[in-house]
Structure formats: structure tokens, C-alpha cells
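For ligands, and for the atoms within them, numbers begin at 1 and follow the listed sequence.
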Amino acid sequence: MANQTSHHFSSVMELIDGNRIAADIVAELKTEIATLPARKPCLALVRVGDDPASVSYVRKKEQTAAEIGVTSRVILPPVSISQAELFALIDQLNADPEVDGILVQSPLPKGIDEVAVFRRVSPDKDVDGFNTLNLGKVAQEDETGFVSCTPAGIMELLARSGVDLKGKHVVVVGRSLIVGKPVALLALQKKAGANGTVTVCHSATANLPALTRQADVLIAAIGRAGFVTGEMVKPGAVVIDVGINRVPDASKKSGYRLVGDVKFDEVAPHCAKITPVPGGVGPMTVAMLMKNTVKAFRLRGT
Ligand code: NDP
């Protein structure tokens, strides 16, 4: 297993290698796409403005698409685009028979209602899984829907690392529409690999450390660097760190480095398995986007 970090821990701790697992999924998709006779799946990537994190996420999505034979169409409206103009753009993509999947990169500029934009994407092209219908299908355990990429990636990481949630206490910190809520619903599903007993925490939760300490599987999706400390984690727990936070670092050319929501150095030594940042959940998000794009292509039957 390629160890992305320079840390050395006791042999009982296992680093969950998101880069390797995502590469396996991407390779599986590449093989599948190579068998398609004619038209290849096509993903439209809409990035409004120049938010630096969005620029790098969209670039990565474009690169992975190219690597596996998914056609991508990158659309870069200016930050000044109005909500009505953005709706019109999405309507065009919804109606375009060549486009299988549509992703509108979050965050959108202030003044644009992000949830309304997510709703505008046609449910059968909603590879990000944020449309009302697809979120509802997660709750109904309807497999014809699209599960949003980061929560789906977390479930896939757990499954491919041999972690079965049945009978486990899963504690999710964060209740966003993008990560916390859907991953809690997925962990709760009545199906193989899931069946967790789920607690969801947020900023109004009282005595959060007492809850996180009960977790057999702890999923941190908070957006605060190093929020989860060693004393908040039960020895032997599985820890999934979703956070991607930029902290200033003068030694880096970029001037920053990426850290998770978990204090890795404190937590890793006494947990059973942990995802690093970077190289944990992040690459899985992109892999699951490609998986959803291929699924959209197949469901559209073109
Ligand atoms: P949001 O900001 O939308 O949600 C953060 C959640 O954390 C909220 O529910 C919030 O509670 C909760 N929270 C914030 N502060 C506290 C606190 N002090 N105590 C308890 N709960 C708290 O973030 P996202 O869910 O979109 O993202 C979370 C992190 O994951 C970010 O670092 C983001 O960059 C990263 N991310 C990574 C992805 C990947 O591919 N790996 C993809 C998407 C996100 P409340 O609801 O009460 O405000």
C-alpha cells in the first residue's frame, strides 16, 4: 500500500488509501467504457467564476474523464452571471441529447440560490445527486437514483476496506446536504454493508466529544482544520476524514497545505483505520462522479 504520509504508526493502524481505491474504480470504468461501440458518455462541467479550489476540482474531474474515455464539456460562465442566465444554460444542457451528466461546481457566487440551481438539473442527468428527486431516492433506497459523489465515495471506501457498518455505531459530524445528511442516510440503509446505528452531530449538538467517543465509525465533515482531537475518538475506531481545509504554509510553493478535519497525528496512532488528507475521500469523489456519469449514460439508453 502506498503510504502518502511520512508518519509511522503501530502495525495495527491501517491507512485507508483513497488514491489506490479510486484508481481501481477508475480502471474498472475505463475497461467498461472501452467496450462501448460508438458514442462515449459526456459530462458537462459548469464552473462559475474563478474560485481557486473550484478551478482545481474541475481540472481534476476533466483529467479523470479524459483518462477513462468520458467526453467532458467545460463551461465557464463569468462570476457576474445571473440566476436566470444560469438556469437557461442548465436548461440547454438538460435538453442536449449529447450530454449525459451535468455538474455545477459548488460553491456558486453570492446571490445565486445554490439549491435552486441543483433542482434545475434534470434528475436523469444529475450526476452530483443534489436534485430533490435523487436525494429522495436515497431516503427511499431506490437504486435508480444518483447518490451524491462524496457520500457514495465514503461508502465505497468503507466497503472496499472491509468495514461492515452492521451493528456499528456510526457518528457523523456535519449535516450538510452535500456530505453529512446523505452519508447518514446511506449508513442507515437496510442493505448489505450498511445497517449502521447512526448519530448525526452539528454545531448545536451538546457535549459533542461524548458522542464522538462512542463511535465505532466516525465520519468528520465539518470544514474546520484539526477539529477532531485524539481524546474525541475511541481506541480502535474507524475514522473517515472528509474535511479539506487550506492552512497557510510558507514552505509550500502554493503558500498553503491541505489538512483534514481530524488531527491526524493525535488520532491515527490509536484507531483501527483512518483516511489521510489528501489521498483519502477526495479522490473517491471524482471516481464516483465518473461512475455516476457512466450510469447516467446507460440509464438514458443511448
Ligand atoms: P458545510 O460547511 O456545509 O457543513 C459543515 C457542517 O459541520 C455543518 O453541518 C455544521 O453545523 C457542522 N459544524 C461546523 N462547526 C461545527 C462545530 N463547531 N461543532 C459541530 N459541528 C459543526 O461543509 P460541507 O459538508 O460542504 O463540507 C465539510 C468539509 O468537507 C469541508 O472541509 C469541505 O471542504 C469538505 N468536503 C470534501 C469533499 C471531498 O471530496 N473530500 C467534498 C465536499 C466537502 P451546522 O449545520 O449546525 O452549521
Hey, looking at [atom], which of [options] has the closest heavy atom?
atom: atom 44 (C) of ligand 1; options: Val277, Val179, Thr212, Val286; answer: Val179
atom: atom 20 (C) of ligand 1; options: Met284, Arg224, His202, Lys181; answer: His202
atom: atom 23 (O) of ligand 1; options: Ser176, Ala53, Pro151; answer: Ser176

Ligand-residue contact atoms, ligand 1 with [X], heavy atoms, under 4.0 Å:
X: Ala221; value: 5 (C), 6 (C), 7 (O), 28 (C)
X: Gly243; value: 29 (C), 30 (O), 32 (O), 35 (C)
X: Gly282; value: 40 (O), 41 (N)
X: Val281; value: 41 (N)
X: Asn245; value: 32 (O)

Between [X] and [Y], is there a side-chain N and carboxylate O pair less than 4.0 Å apart?
X: Asp100; Y: Lys125; value: no
X: Arg47; Y: Asp50; value: yes
X: Lys291; Y: Glu32; value: no

- Please tell me if the side chains of Met288 and Thr293 come closer than 4.5 Å, counting only heavy atoms from C-beta onward.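 No. Closest side-chain heavy atoms not under 4.5 Å.
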- Between Thr64 and Lys61, is there a donor-acceptor pair closer than 3.5 Å when you use the side chain of the first and the backbone of the second?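 No; judged by distance alone, with no hydrogens or angles, the pair does not exist.
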Are [X] and ligand 1 in contact, using a heavy-atom cut-off of under 4.0 Å?
X: Tyr57; result: no
X: Thr205; result: no
X: Gly180; result: no
X: Cys201; result: no

- Query: Under 4.0 Å from ligand 1, counting heavy atoms only, is it the side chain of Thr150, its backbone, both or neither?
  - Reply: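 The answer is the side chain.
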What's the shortest distance from [atom] to any protein heavy atom, and which residue and atom give it?
atom: atom 18 (N) of ligand 1; result: Phe227 CE1, 3.3 Å
atom: atom 31 (C) of ligand 1; result: Gly223 CA, 3.5 Å
atom: atom 48 (O) of ligand 1; result: Ser203 OG, 3.7 Å
atom: atom 2 (O) of ligand 1; result: Ile222 O, 4.3 Å
atom: atom 9 (O) of ligand 1; result: Arg175 N, 2.8 Å
atom: atom 35 (C) of ligand 1; result: Val242 O, 3.4 Å
atom: atom 40 (O) of ligand 1; result: Thr285 OG1, 2.7 Å
atom: atom 12 (C) of ligand 1; result: Gly174 CA, 4.1 Å

- Task: Let me know which of Ile25, Ile154, Asn19, Thr150 forms a side chain to side chain contact (heavy atoms under 4.5 Å, CB included) with Met284.
- Result: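 Of all the options given, the one that passes is Ile25.
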- Query: When Leu186 is tested against each of Lys191, Lys181, Met155 for side chain to side chain contact (heavy atoms under 4.5 Å, CB included), which residue passes?
  - Reply: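 Running side chain to side chain contact (heavy atoms under 4.5 Å, CB included) over Lys191, Lys181, Met155 with Leu186 returns exactly one hit, Met155.
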So with a 6.0 Å cut-off around [atom1] of [X], is the heavy-atom count from everything else above 12?
X: Gln63; atom1: CD; answer: yes
X: Lys40; atom1: NZ; answer: yes
X: Lys234; atom1: NZ; answer: yes

- Do Thr144 and Lys137 have side-chain atoms, one donor and one acceptor, less than 3.5 Å apart?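 Short answer, yes.
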- Task: Please determine, by modelled atom types, if Ser82 and Glu85 share a side-chain donor-acceptor pair under 3.5 angstrom.
- Result: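 Yes.
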- Message: For ligand 1 and Ile244, I'd like to know whether there is a polar contact (N/O to N/O, distance under 3.5 Å).
- Response: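 Yes; the residue has a nitrogen or oxygen that sits under 3.5 Å from a nitrogen or oxygen of the ligand.
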- Message: Taking the six-membered ring of Phe146 as reference, does the cationic atom of Lys295 (NZ for Lys, CZ for Arg) lie under 6.0 Å from its centre and within 45° of its axis?
- Response: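 That pair qualifies as a cation-pi contact.
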